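Here the structure comes first, spelled out in structure tokens, and everything after it is commentary.
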Number of protein chains: 2
Amino acid sequence: MGNEKELLNVSKATIGRLPAYHRYLQEKLAAGEKTVSSTAIAEDLHLNAVQVRKDLSAIAREAGKPKLGFAVADLIADIDRFLGYDNLNDAVLVGVGGLGKALAGYVGFKNYGLNIVAAFDADPARVGTTVGGIKVFPADELARLVRRLNVLIGIVAVPREAAQGVADELIKGGVRAIWNFAPVHLNVPENIAVKNEDMAASLAILSKRLAEILNSEK
Amino acid sequence: MGNEKELLNVSKATIGRLPAYHRYLQEKLAAGEKTVSSTAIAEDLHLNAVQVRKDLSAIAREAGKPKLGFAVADLIADIDRFLGYDNLNDAVLVGVGGLGKALAGYVGFKNYGLNIVAAFDADPARVGTTVGGIKVFPADELARLVRRLNVLIGIVAVPREAAQGVADELIKGGVRAIWNFAPVHLNVPENIAVKNEDMAASLAILSKRLAEILNSEK
DNA sequence: GCGGATTCGATAATTTTTTATCGATAAAAT
DNA sequence: ATTTTATCGATAAAAAATTATCGAATCCGC
């Protein structure tokens, strides 16, 4: 098959760092640099050079060269391929309030392989409008339309109270992965992937680090 | 001092899970339940019971009781105290475009101990307006005002290209922690905390999990 | 071409995080 | 009162992730 390596042995931690490498490499590419060393990446991104080498070798097709490092363009292509940035996955967005609208307007998703094909909202005033070029449909058509569009990814950007219901409808429509921006734990079957965008958790980590820094100073 | 335990020996992973426990516990409290067991929490949140016990014992003042579990109200108070949810930290928001507006309108932050006291934007059309009850000031007053307000936390919600400049200004004004929503790596001194809200990374992890699930099915 | 500097990949050591095991304890049931 | 049962905390084991070490490779300046 040729690419047995692909899905195997790439840790979640590594996957989480790949987008940062990707951005970094694109900067280097734009700056006209042909190669880059793990040492340099590690220094700039505040990581360990061995870790960078390991991460990259897990997904790179070509090995790095002694004294030169890795070929920037090749690495970008490798990450593109590995993360699926080069072929779009369809998704639906549920909830076009403040956050939902922001997400709909974020054109960057296309670069990450995500294509939002429809939006939904329970508020009749929002139904029929267009946000970020995406049409808004009534919430009660969710499951039916998702099924018809054959969409596998759902983005949940509704208020806390509504999130579980939305998740249920998405799953009823055949969605297999849910990106959850609502601050609740969603209850879903085993075979559904959920990724919580937990702002509270991020904030907790940030403020603990802040506390540490302030503490270490006096 | 009495609380030597506080900042010690609580791993970042644990801190990241605390907000989820907090939400869960509040649901239980609202449902009128007085105690809850690590087993139940683990089951509902899809975690390991030993891990839950360890996490909780790292921050709880009272031990859990055999056969009953932990006191819900006490635990909530403990997490509140530990994460600083009970005393507000001031922050400024930079950038009130789509995402910034959404963040400004998110009232939930107050519950997480975050109080946004001012917003900034480079667009003159936005300056002077109010978003989510927060006044928008011109970007060139950033450093000065941050210093005067004595704010330690900055939220960056500007386009990629502007983010580094904003970070520099925030730091010049005395900010010590930056919550970065722009898809770039920020270059900051050692003694500044940065937490990237990396949507691309989340999405990468979600879609890899989706791929695994789909793969394991056929 | 030759020698030095730099980086790589592989392997090993360390650290951190997660999970398993088990005796002790206290509530609930008999 | 005694037994049963669910749960805890402590300790140990396992797994995962990070970091260190080192010989080999190859580019670059001379």
Side-chain angles (χ1 to χ4, degrees), chain A residues 5 7-21 24-25 28 33-75 78 198 201 204-205 208-209 212, chain B residues 5 7-21 24-25 28 33-75 78 198 201 204-205 208-209 212:
Chain A
K5 193 180 172 187
L7 296 168
L8 269 48
N9 284 338
V10 183
S11 76
K12 204 191 298 193
T14 293
I15 294 174
R17 280 186 295 266
L18 290 178
Y21 297 138
Y24 180 86
L25 292 165
K28 292 295 155 190
E33 309 193 11
K34 298 274 182 275
T35 62
V36 63
S37 73
S38 64
T39 324
I41 299 178
E43 176 133 342
D44 291 344
L45 261 39
H46 294 118
L47 298 170
N48 178 290
V50 177
Q51 183 171 71
V52 173
R53 268 201 305 278
K54 256 193 171 159
D55 285 344
L56 296 182
S57 73
I59 56 106
R61 269 185 147 56
E62 318 254 349
K65 280 191 191 155
K67 186 83 189 216
L68 280 183
F70 297 83
V72 173
D74 288 359
L75 270 190
D78 288 336
D198 192 339
I205 290 167
K208 274 296 153 190
R209 216 144 61 199
E212 268 172 36
Chain B
K5 193 181 170 188
L7 296 168
L8 270 49
N9 283 339
V10 182
S11 76
K12 205 192 295 193
T14 294
I15 294 173
R17 281 185 294 265
L18 290 178
Y21 296 139
Y24 180 85
L25 292 166
K28 291 296 155 190
E33 308 193 14
K34 297 276 183 271
T35 62
V36 64
S37 73
S38 65
T39 324
I41 298 178
E43 176 133 341
D44 291 344
L45 261 39
H46 295 118
L47 299 170
N48 178 290
V50 177
Q51 184 172 70
V52 172
R53 268 201 304 281
K54 254 193 172 158
D55 285 344
L56 295 181
S57 72
I59 56 105
R61 266 184 150 53
E62 319 254 348
K65 280 191 192 157
K67 185 85 191 206
L68 282 183
F70 296 84
V72 173
D74 288 359
L75 271 190
D78 289 334
D198 192 339
I205 290 167
K208 273 297 152 192
R209 217 145 60 200
E212 268 172 37

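Since this is a predicted model, take the numbers as computed values, not measurements. Chain letters run A, B, ... following the sequence lines, proteins first and then strands; every chain starts at 1.
- Taking every side-chain heavy atom of B:Val50 into account, C:dT21 is the closest of C:dA28, C:dT21, C:dT17.
- Projected onto DNA chain D by closest heavy-atom contact, A:Asn48 and B:Val36 fall at different nucleotides, the more 5' of which corresponds to B:Val36.
- Between D:dT7, C:dG9, D:dA17, one nucleotide has an atom nearer to the side chain of B:Thr39 than all others, and that is D:dT7.
- A side-chain contact (heavy atoms from CB on, under 4.5 Å) with A:Tyr21 is found for one member of A:Val52, A:Leu75, A:Ile59 and no other, namely A:Val52.
- The distance between atom CG of B:Leu68 and atom P of D:dT5, rounded to the nearest whole Å, is 17 Å.
- Here the side chain of B:Ser38 is nearest to one of C:dG9, C:dA28, D:dC8, namely D:dC8.
- Contact annotation for B:Ala49: no contact, since no heavy-atom pair falls under 4.0 Å across all strands.
- Each of A:Thr14 and A:Arg53 was assigned the nucleotide of DNA chain D with the nearest heavy atom; the assignment lying further toward the 5' end belongs to A:Thr14.
- Side chain of A:Pro66, nearest nucleotide from D:dC8, D:dA25, C:dT18: D:dA25.
- In this structure, of C:dT19, C:dA28, D:dC27, it is D:dC27 that holds the atom nearest to the side chain of A:Lys65.
- By the 4.5 Å heavy-atom criterion applied to side chains, A:Lys65 and A:Thr35 are not counted as neighbours.
- Look at CD1 on A:Ile15: it is 14 Å from P on D:dA16, rounded to the nearest Å.
- Contact check for B:Ile41 versus B:Gln51: no side-chain heavy atoms found under the 4.5 Å cut-off.
- Rounded to a whole Å, the NZ atom of B:Lys12 is 15 Å from the P atom of D:dA17.
- When the P atom of C:dT18 is taken as reference, atom NE2 of B:His46 falls 17 Å away, rounded to whole Å.
- B:Glu62 places its CD atom 11 Å from the P atom of D:dG9, with the value rounded to the nearest Å.
- Rounded to an integer number of Å, the gap from CG of B:Leu75 to P of D:dC8 is 10 Å.
- The shortest distance between the side-chain N/O atoms of A:Ser11 and the OP1/OP2 oxygens of D:dA16 is not below 4.0 Å.
- Between the side chain of A:Thr14 and the backbone N or O of A:Val10 there is no donor-acceptor pair closer than 3.5 Å.
- For B:Lys54, the side-chain atoms get nearest to D:dT11 when compared with the rest of C:dA27, D:dT11, C:dG9.
- Using a distance-only test at 3.5 Å, with no hydrogens or angles considered, a donor-acceptor pair links the side chain of B:Asp78 to the main chain of B:Arg61.
- Residue A:Gln51 contributes atom CD, which lies 11 Å from atom P of D:dA20 at whole-angstrom precision.
- Remark: A:Arg17 is in phosphate contact with D:dT18, judged by side-chain N or O atoms under 4.0 Å from OP1 or OP2.
- Nearest to the side chain of B:Lys67, among D:dC27, D:dT19, D:dT5, sits D:dT5.
- Atom-to-atom, CZ of A:Phe70 to C1' of D:dT26 comes out at 14 Å; the value is rounded to the nearest Å.
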